[in-house]
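I have placed the structure first, in the form of C-alpha coordinates, so that the comments after it can refer back to it.
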Amino acid sequence: MEASIRLLACLACVIPMGSLVRTKRDTTGNVLNTEMHSAPAKRWSMQVPAEVSAAAGDAAVLSCTFTHPHRHYEGPLTAIWRVGEPYAGPQVFRCAAARGSELCQTALSLHGRFRLLGNPRRNDLSLRVERLTLADAGRYFCRVEFAGDIHDRYESRHGVRLRVTAAPRIVNISVVPGPAHAFRALCTAEGEPPPALTWSSAALGNISAALQGPGHGYQVTAELPALSRDGRYTCTAANNLGRAEASVYLFRFHGTSGASAIALLLGALGLKALLLLGALAAGAARRRLGGCTLDPHGCKGRAGLFSQSSRSPRTPIHGPMLRNPVMKIWAR
(Lines give C-alpha, C1' and ligand atoms only; values in the text may rest on other atoms or scores of the structure.)
Protein backbone atom coordinates (compact mmCIF):
# COMPACT_ATOMS: atom_id res chain seq x y z
CA MET A 1 0.00 0.00 0.00
CA GLU A 2 2.76 2.37 0.89
CA ALA A 3 4.48 1.50 -2.37
CA SER A 4 1.36 2.40 -4.33
CA ILE A 5 1.06 5.73 -2.51
CA ARG A 6 4.71 6.57 -3.26
CA LEU A 7 4.20 5.69 -6.95
CA LEU A 8 1.17 7.95 -7.19
CA ALA A 9 3.11 10.76 -5.50
CA CYS A 10 5.97 10.41 -7.97
CA LEU A 11 3.56 10.47 -10.91
CA ALA A 12 1.94 13.60 -9.51
CA CYS A 13 5.36 15.26 -9.31
CA VAL A 14 6.35 14.19 -12.79
CA ILE A 15 3.16 15.45 -14.45
CA PRO A 16 3.47 19.09 -13.23
CA MET A 17 7.18 19.19 -14.10
CA GLY A 18 6.51 17.86 -17.56
CA SER A 19 3.75 20.43 -18.01
CA LEU A 20 6.10 23.20 -16.93
CA VAL A 21 8.77 22.11 -19.31
CA ARG A 22 6.29 21.83 -22.14
CA THR A 23 4.90 25.24 -21.35
CA LYS A 24 8.41 26.67 -21.30
CA ARG A 25 9.18 25.09 -24.62
CA ASP A 26 5.94 26.36 -26.10
CA THR A 27 6.60 29.86 -24.82
CA THR A 28 10.13 29.85 -26.16
CA GLY A 29 8.97 28.53 -29.50
CA ASN A 30 6.33 31.20 -29.81
CA VAL A 31 8.84 33.98 -29.05
CA LEU A 32 11.29 32.69 -31.61
CA ASN A 33 8.62 32.45 -34.29
CA THR A 34 7.43 35.96 -33.51
CA GLU A 35 10.98 37.33 -33.85
CA MET A 36 11.38 35.58 -37.16
CA HIS A 37 8.10 36.93 -38.49
CA SER A 38 8.65 40.41 -37.13
CA ALA A 39 12.32 40.43 -38.09
CA PRO A 40 13.00 42.40 -41.29
CA ALA A 41 13.29 40.44 -44.51
CA LYS A 42 16.02 42.91 -45.68
CA ARG A 43 18.93 44.68 -44.12
CA TRP A 44 20.75 47.91 -44.89
CA SER A 45 22.71 47.56 -48.13
CA MET A 46 23.79 49.68 -51.06
CA GLN A 47 24.57 48.70 -54.61
CA VAL A 48 26.87 50.96 -56.66
CA PRO A 49 29.05 50.23 -59.72
CA ALA A 50 32.78 50.05 -59.21
CA GLU A 51 33.52 52.66 -61.91
CA VAL A 52 31.74 55.03 -64.30
CA SER A 53 33.64 56.54 -67.24
CA ALA A 54 32.64 59.53 -69.39
CA ALA A 55 34.33 62.13 -71.58
CA ALA A 56 34.97 65.69 -70.48
CA GLY A 57 32.09 67.95 -71.46
CA ASP A 58 29.56 65.11 -71.39
CA ALA A 59 27.30 63.91 -68.56
CA ALA A 60 27.70 60.88 -66.29
CA VAL A 61 25.16 58.95 -64.21
CA LEU A 62 26.28 57.58 -60.83
CA SER A 63 23.78 54.87 -59.96
CA CYS A 64 23.04 53.96 -56.33
CA THR A 65 20.23 51.77 -54.97
CA PHE A 66 19.68 50.63 -51.40
CA THR A 67 17.62 48.40 -49.15
CA HIS A 68 16.55 49.17 -45.59
CA PRO A 69 15.11 47.13 -42.72
CA HIS A 70 11.73 48.87 -42.65
CA ARG A 71 8.85 47.53 -44.70
CA HIS A 72 7.05 50.82 -45.07
CA TYR A 73 8.81 54.10 -44.32
CA GLU A 74 6.98 57.32 -45.14
CA GLY A 75 8.81 59.65 -42.77
CA PRO A 76 11.22 62.48 -43.62
CA LEU A 77 14.43 61.47 -45.39
CA THR A 78 17.59 63.06 -46.73
CA ALA A 79 19.74 61.95 -49.69
CA ILE A 80 23.42 62.95 -49.75
CA TRP A 81 26.36 62.49 -52.15
CA ARG A 82 29.95 63.06 -51.05
CA VAL A 83 33.25 63.08 -52.91
CA GLY A 84 36.70 62.03 -51.77
CA GLU A 85 35.99 59.86 -48.74
CA PRO A 86 32.96 58.41 -46.95
CA TYR A 87 31.38 60.07 -43.92
CA ALA A 88 33.77 63.04 -43.93
CA GLY A 89 34.19 64.06 -47.57
CA PRO A 90 32.69 67.34 -48.83
CA GLN A 91 29.10 67.16 -50.00
CA VAL A 92 28.34 67.82 -53.67
CA PHE A 93 24.59 67.15 -53.49
CA ARG A 94 21.89 67.05 -50.83
CA CYS A 95 18.10 66.93 -50.97
CA ALA A 96 15.34 66.38 -48.43
CA ALA A 97 11.84 64.90 -48.72
CA ALA A 98 9.04 65.67 -46.29
CA ARG A 99 6.88 63.03 -44.65
CA GLY A 100 4.85 61.17 -47.26
CA SER A 101 6.30 63.17 -50.16
CA GLU A 102 8.17 61.68 -53.11
CA LEU A 103 9.65 65.05 -54.06
CA CYS A 104 13.21 65.41 -52.78
CA GLN A 105 13.80 69.14 -52.61
CA THR A 106 17.37 70.05 -53.61
CA ALA A 107 19.26 71.88 -50.89
CA LEU A 108 22.78 71.66 -52.37
CA SER A 109 24.07 71.14 -55.91
CA LEU A 110 27.73 72.05 -56.36
CA HIS A 111 28.04 74.54 -59.25
CA GLY A 112 24.50 73.57 -60.25
CA ARG A 113 25.76 70.52 -62.15
CA PHE A 114 24.46 67.70 -59.91
CA ARG A 115 20.87 66.47 -60.26
CA LEU A 116 19.04 63.58 -58.61
CA LEU A 117 17.68 61.07 -61.13
CA GLY A 118 16.38 58.42 -58.76
CA ASN A 119 13.51 58.45 -56.28
CA PRO A 120 14.64 57.92 -52.68
CA ARG A 121 11.15 56.66 -51.78
CA ARG A 122 11.78 53.83 -54.20
CA ASN A 123 15.27 53.15 -52.83
CA ASP A 124 17.08 54.92 -55.70
CA LEU A 125 19.66 57.67 -55.15
CA SER A 126 21.12 57.78 -58.67
CA LEU A 127 22.83 61.08 -59.51
CA ARG A 128 23.54 62.84 -62.83
CA VAL A 129 26.63 65.04 -63.23
CA GLU A 130 26.48 67.59 -66.05
CA ARG A 131 29.30 69.22 -68.05
CA LEU A 132 32.10 67.04 -66.76
CA THR A 133 35.59 68.41 -66.25
CA LEU A 134 38.79 66.62 -65.41
CA ALA A 135 38.52 68.05 -61.89
CA ASP A 136 35.32 66.02 -61.36
CA ALA A 137 37.23 62.74 -61.42
CA GLY A 138 37.25 60.94 -58.08
CA ARG A 139 35.31 58.62 -55.82
CA TYR A 140 31.71 59.43 -54.86
CA PHE A 141 29.65 58.06 -51.96
CA CYS A 142 25.85 57.99 -51.64
CA ARG A 143 24.05 58.24 -48.29
CA VAL A 144 20.45 58.13 -47.06
CA GLU A 145 19.14 59.28 -43.69
CA PHE A 146 15.75 58.51 -42.13
CA ALA A 147 14.43 61.02 -39.60
CA GLY A 148 11.39 61.23 -37.35
CA ASP A 149 10.84 58.27 -35.02
CA ILE A 150 13.44 56.18 -36.82
CA HIS A 151 16.94 57.59 -36.80
CA ASP A 152 18.53 55.27 -39.32
CA ARG A 153 21.20 56.18 -41.83
CA TYR A 154 23.45 54.30 -44.18
CA GLU A 155 26.31 55.23 -46.53
CA SER A 156 28.25 53.31 -49.14
CA ARG A 157 31.73 52.50 -47.86
CA HIS A 158 33.54 51.87 -51.12
CA GLY A 159 31.70 54.33 -53.37
CA VAL A 160 31.81 54.60 -57.13
CA ARG A 161 34.82 55.90 -59.01
CA LEU A 162 34.13 58.53 -61.66
CA ARG A 163 36.74 58.56 -64.43
CA VAL A 164 36.75 61.53 -66.82
CA THR A 165 38.62 61.09 -70.10
CA ALA A 166 39.95 63.92 -72.27
CA ALA A 167 42.27 64.51 -75.20
CA PRO A 168 45.50 66.39 -74.39
CA ARG A 169 45.46 70.15 -73.99
CA ILE A 170 48.53 72.29 -73.41
CA VAL A 171 47.75 74.77 -70.65
CA ASN A 172 51.11 76.54 -70.35
CA ILE A 173 54.35 76.85 -72.31
CA SER A 174 57.13 79.27 -71.45
CA VAL A 175 60.86 80.01 -71.42
CA VAL A 176 62.31 81.00 -68.05
CA PRO A 177 65.81 82.02 -66.98
CA GLY A 178 68.02 79.32 -65.59
CA PRO A 179 71.34 79.24 -63.76
CA ALA A 180 74.52 80.69 -65.28
CA HIS A 181 72.64 82.96 -67.75
CA ALA A 182 71.01 79.94 -69.37
CA PHE A 183 67.36 79.40 -70.26
CA ARG A 184 64.99 76.47 -69.94
CA ALA A 185 61.62 75.71 -71.50
CA LEU A 186 58.61 74.41 -69.57
CA CYS A 187 55.48 72.77 -70.95
CA THR A 188 52.40 71.77 -68.92
CA ALA A 189 49.55 69.76 -70.41
CA GLU A 190 46.46 68.00 -69.10
CA GLY A 191 44.46 65.01 -70.25
CA GLU A 192 43.20 61.59 -69.24
CA PRO A 193 44.99 59.29 -69.64
CA PRO A 194 47.84 61.65 -68.67
CA PRO A 195 49.61 62.63 -71.91
CA ALA A 196 53.22 61.96 -72.75
CA LEU A 197 55.18 65.18 -73.42
CA THR A 198 58.09 65.64 -75.84
CA TRP A 199 60.12 68.65 -76.96
CA SER A 200 61.46 69.04 -80.50
CA SER A 201 63.39 71.75 -82.34
CA ALA A 202 65.63 72.25 -85.33
CA ALA A 203 68.19 73.49 -82.84
CA LEU A 204 68.14 69.98 -81.41
CA GLY A 205 68.59 68.42 -84.83
CA ASN A 206 64.83 67.60 -84.90
CA ILE A 207 65.46 65.05 -82.17
CA SER A 208 62.80 64.99 -79.50
CA ALA A 209 64.00 65.44 -75.98
CA ALA A 210 62.21 66.05 -72.72
CA LEU A 211 62.72 65.80 -68.99
CA GLN A 212 59.25 64.95 -67.64
CA GLY A 213 58.66 65.87 -64.05
CA PRO A 214 56.18 64.47 -61.55
CA GLY A 215 52.56 64.95 -62.54
CA HIS A 216 49.71 66.37 -60.50
CA GLY A 217 46.61 64.30 -61.14
CA TYR A 218 45.68 64.80 -64.76
CA GLN A 219 48.43 67.41 -65.41
CA VAL A 220 52.03 66.69 -66.41
CA THR A 221 55.01 69.00 -66.96
CA ALA A 222 58.09 68.50 -69.14
CA GLU A 223 61.25 70.60 -69.00
CA LEU A 224 63.84 71.26 -71.68
CA PRO A 225 66.91 72.45 -69.75
CA ALA A 226 69.88 74.54 -70.89
CA LEU A 227 68.67 76.01 -74.17
CA SER A 228 71.87 76.81 -76.06
CA ARG A 229 70.53 78.06 -79.41
CA ASP A 230 67.97 80.56 -80.57
CA GLY A 231 64.99 79.28 -82.47
CA ARG A 232 61.59 77.61 -82.21
CA TYR A 233 60.92 74.90 -79.64
CA THR A 234 57.76 72.78 -79.94
CA CYS A 235 56.06 70.82 -77.17
CA THR A 236 53.87 67.86 -78.16
CA ALA A 237 51.35 66.19 -75.83
CA ALA A 238 49.76 62.89 -76.86
CA ASN A 239 47.56 60.14 -75.46
CA ASN A 240 45.25 57.57 -77.04
CA LEU A 241 42.53 60.19 -77.53
CA GLY A 242 44.57 62.73 -79.50
CA ARG A 243 47.51 65.11 -79.49
CA ALA A 244 48.23 68.81 -79.10
CA GLU A 245 51.17 71.05 -79.97
CA ALA A 246 52.42 74.47 -78.91
CA SER A 247 55.63 76.36 -79.69
CA VAL A 248 57.78 78.96 -78.02
CA TYR A 249 60.58 81.07 -79.56
CA LEU A 250 63.91 81.99 -78.01
CA PHE A 251 65.80 85.04 -79.33
CA ARG A 252 68.68 86.45 -77.33
CA PHE A 253 70.42 89.78 -77.96
CA HIS A 254 74.06 89.21 -78.96
CA GLY A 255 75.47 92.73 -78.34
CA THR A 256 79.23 93.39 -78.02
CA SER A 257 78.88 95.71 -75.05
CA GLY A 258 76.39 97.65 -73.01
CA ALA A 259 77.33 100.95 -74.71
CA SER A 260 76.62 99.58 -78.19
CA ALA A 261 73.24 98.29 -77.03
CA ILE A 262 72.29 101.73 -75.71
CA ALA A 263 73.48 103.39 -78.92
CA LEU A 264 71.41 101.01 -81.01
CA LEU A 265 68.35 101.68 -78.90
CA LEU A 266 68.76 105.46 -79.12
CA GLY A 267 69.25 105.22 -82.87
CA ALA A 268 66.02 103.34 -83.28
CA LEU A 269 64.15 105.90 -81.17
CA GLY A 270 65.64 108.76 -83.20
CA LEU A 271 64.55 107.18 -86.46
CA LYS A 272 61.01 106.83 -85.16
CA ALA A 273 61.03 110.50 -84.11
CA LEU A 274 62.13 111.62 -87.59
CA LEU A 275 59.42 109.56 -89.23
CA LEU A 276 56.82 111.10 -86.92
CA LEU A 277 57.98 114.67 -87.69
CA GLY A 278 57.85 113.96 -91.41
CA ALA A 279 54.31 112.67 -91.15
CA LEU A 280 53.22 115.79 -89.21
CA ALA A 281 54.84 118.13 -91.78
CA ALA A 282 53.13 116.36 -94.69
CA GLY A 283 49.75 116.63 -92.96
CA ALA A 284 50.22 120.37 -92.37
CA ALA A 285 51.10 120.92 -96.04
CA ARG A 286 47.99 119.09 -97.20
CA ARG A 287 45.82 121.22 -94.92
CA ARG A 288 47.30 124.48 -96.33
CA LEU A 289 46.68 123.41 -99.94
CA GLY A 290 43.10 122.36 -99.17
CA GLY A 291 42.24 125.84 -97.75
CA CYS A 292 42.83 127.79 -101.05
CA THR A 293 40.42 128.51 -103.97
CA LEU A 294 41.41 128.25 -107.59
CA ASP A 295 41.72 132.01 -108.07
CA PRO A 296 44.34 132.94 -110.69
CA HIS A 297 45.22 136.14 -108.78
CA GLY A 298 46.21 134.34 -105.64
CA CYS A 299 45.04 132.12 -102.82
CA LYS A 300 41.92 133.39 -101.13
CA GLY A 301 40.96 132.04 -97.73
CA ARG A 302 37.58 130.57 -97.18
CA ALA A 303 36.79 133.07 -94.49
CA GLY A 304 36.95 135.97 -96.97
CA LEU A 305 34.44 134.31 -99.26
CA PHE A 306 32.08 133.08 -96.59
CA SER A 307 31.95 136.35 -94.65
CA GLN A 308 29.92 137.97 -97.43
CA SER A 309 27.05 135.49 -97.11
CA SER A 310 24.37 135.05 -94.50
CA ARG A 311 22.55 132.25 -96.30
CA SER A 312 21.65 128.85 -94.96
CA PRO A 313 24.50 126.36 -94.43
CA ARG A 314 23.79 124.47 -97.65
CA THR A 315 23.20 127.53 -99.92
CA PRO A 316 25.82 127.86 -102.70
CA ILE A 317 27.69 131.14 -102.91
CA HIS A 318 28.29 132.63 -106.38
CA GLY A 319 30.71 135.32 -105.38
CA PRO A 320 31.98 137.92 -107.83
CA MET A 321 35.53 136.73 -107.20
CA LEU A 322 34.70 133.37 -108.79
CA ARG A 323 35.69 133.54 -112.45
CA ASN A 324 34.75 129.94 -113.16
CA PRO A 325 30.94 129.78 -113.41
CA VAL A 326 30.89 126.01 -113.05
CA MET A 327 32.61 125.94 -109.67
CA LYS A 328 30.46 126.19 -106.51
CA ILE A 329 31.50 126.52 -102.87
CA TRP A 330 29.08 125.42 -100.17
CA ALA A 331 28.93 127.57 -97.05
CA ARG A 332 29.23 125.74 -93.74
Side-chain angles (χ1 to χ4, degrees), residues 48-62 81-86 88-90 92 110-114 127-141 158-252:
V48 296
E51 181 177 291
V52 172
S53 181
D58 293 345
V61 175
L62 309 179
W81 278 87
R82 303 179 188 274
V83 64
E85 58 179 325
V92 296
L110 187 64
H111 306 310
R113 297 187 298 112
F114 296 82
L127 189 72
R128 179 181 176 91
V129 188
E130 304 281 353
R131 304 185 304 276
L132 287 172
T133 66
L134 287 173
D136 292 326
R139 192 166 292 277
Y140 291 78
F141 304 86
H158 301 290
V160 51
R161 182 194 175 209
L162 175 60
R163 181 172 179 262
V164 182
T165 60
R169 185 174 72 94
I170 296 177
V171 297
N172 182 51
I173 183 171
S174 60
V175 173
V176 297
H181 304 288
F183 292 88
R184 57 194 180 98
L186 295 175
C187 177
T188 301
E190 64 181 21
E192 178 60 35
L197 300 184
T198 56
W199 281 98
S200 60
S201 173
L204 302 173
N206 287 324
I207 299 176
S208 298
L211 179 61
Q212 190 155 323
H216 176 68
Y218 48 85
Q219 288 191 350
V220 291
T221 300
E223 176 185 348
L224 190 61
L227 302 183
S228 58
R229 298 182 182 180
D230 294 351
R232 173 182 176 181
Y233 294 86
T234 300
C235 174
T236 302
N239 64 10
N240 59 351
L241 298 178
R243 57 182 290 150
E245 287 186 353
S247 298
V248 66
Y249 295 81
L250 174 64
F251 292 105
R252 291 172 294 183

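Computed from heavy atoms alone, side chains included, the values below leave out hydrogens, waters and symmetry copies.
Listed by chain and number, the residues in a side chain to side chain donor-acceptor pair (under 3.5 Å) with Arg131 amount to none (sequence neighbours excluded). Listed by chain and number, the residues in a side-chain contact (heavy atoms from CB on, under 4.5 Å) with Leu250 are Val175, Phe183, Leu227, Asp230, Tyr233, Arg252 (sequence neighbours excluded). Arg163 meets the side chain to side chain donor-acceptor pair (under 3.5 Å) test with no other residue; sequence neighbours excluded. For Thr188, the side chain to side chain donor-acceptor pair (under 3.5 Å) test picks out Thr221, with sequence neighbours left out. Residues forming a side chain to side chain donor-acceptor pair (under 3.5 Å) with Glu130 (at least two apart in sequence, or on another chain): Arg128.
Residue Phe114 comes nearest to Leu127 through the heavy atom pair CD2-CD2, 3.6 Å, listed as atom of the first residue, atom of the second, then distance. The two residues Ile170 and Ala237 make their nearest non-hydrogen contact at CG1-CB, 4.3 Å. Nearest heavy-atom pair across Ala60 and Val52 is CB-CG1, 4.2 Å. Here the closest heavy-atom approach between residue Leu62 and residue Val129 is recorded as CD1-CG2, 4.3 Å.
The salt bridge (Lys or Arg N to Asp or Glu O under 4.0 Å) contacts involving residues 231-251 comprise Arg243-Glu245, where partners must be two or more places apart or lie in separate chains.
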As a quick check of understanding, evaluate side-chain contact (heavy atoms from CB on, under 4.5 Å) for Val83 and Leu110, giving each step before the final call. CA-CA 11 Å; Val83 64; Leu110 187 64; over 6 Å; no
Assess the residue pair Val248 and Trp199 against the criterion (side-chain contact (heavy atoms from CB on, under 4.5 Å)); give the C-alpha distance rounded to whole Å, side-chain angles, the decisive distance to 0.1 Å, and a yes or no. CA-CA 11 Å; Val248 66; Trp199 281 98; 4.2 Å; yes
Could you walk me through whether Thr133 and Tyr218 satisfy the side-chain contact (heavy atoms from CB on, under 4.5 Å) test, starting with their C-alpha distance in whole Å, then the side-chain angles of each, then the deciding distance to 0.1 Å, before giving a yes or no? CA-CA 11 Å; Thr133 66; Tyr218 48 85; over 6 Å; no
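Note that the CZ atom of Arg169 and the CD atom of Glu190 stand 4.0 Å from one another [nearest 0.5 Å]. Between atom SG of residue Cys235 and atom CG of residue Leu186 there is a gap of 10.0 Å, rounded to the nearest 0.5 Å. Here CD of Glu192 is found 9.0 Å from CG of Asn240. Values are rounded to the nearest 0.5 Å. Between the CG atom in Asp58 and the OG1 atom in Thr165 there is a gap of 8.0 Å [rounded to 0.5 Å].
Residues Leu162 and Val160 are not in side-chain contact: their nearest non-hydrogen atoms beyond the backbone lie 4.5 Å or more apart.
Of the possible polar contacts, one joining the Arg139 side chain to the His158 backbone as a donor-acceptor pair under 3.5 Å is found.
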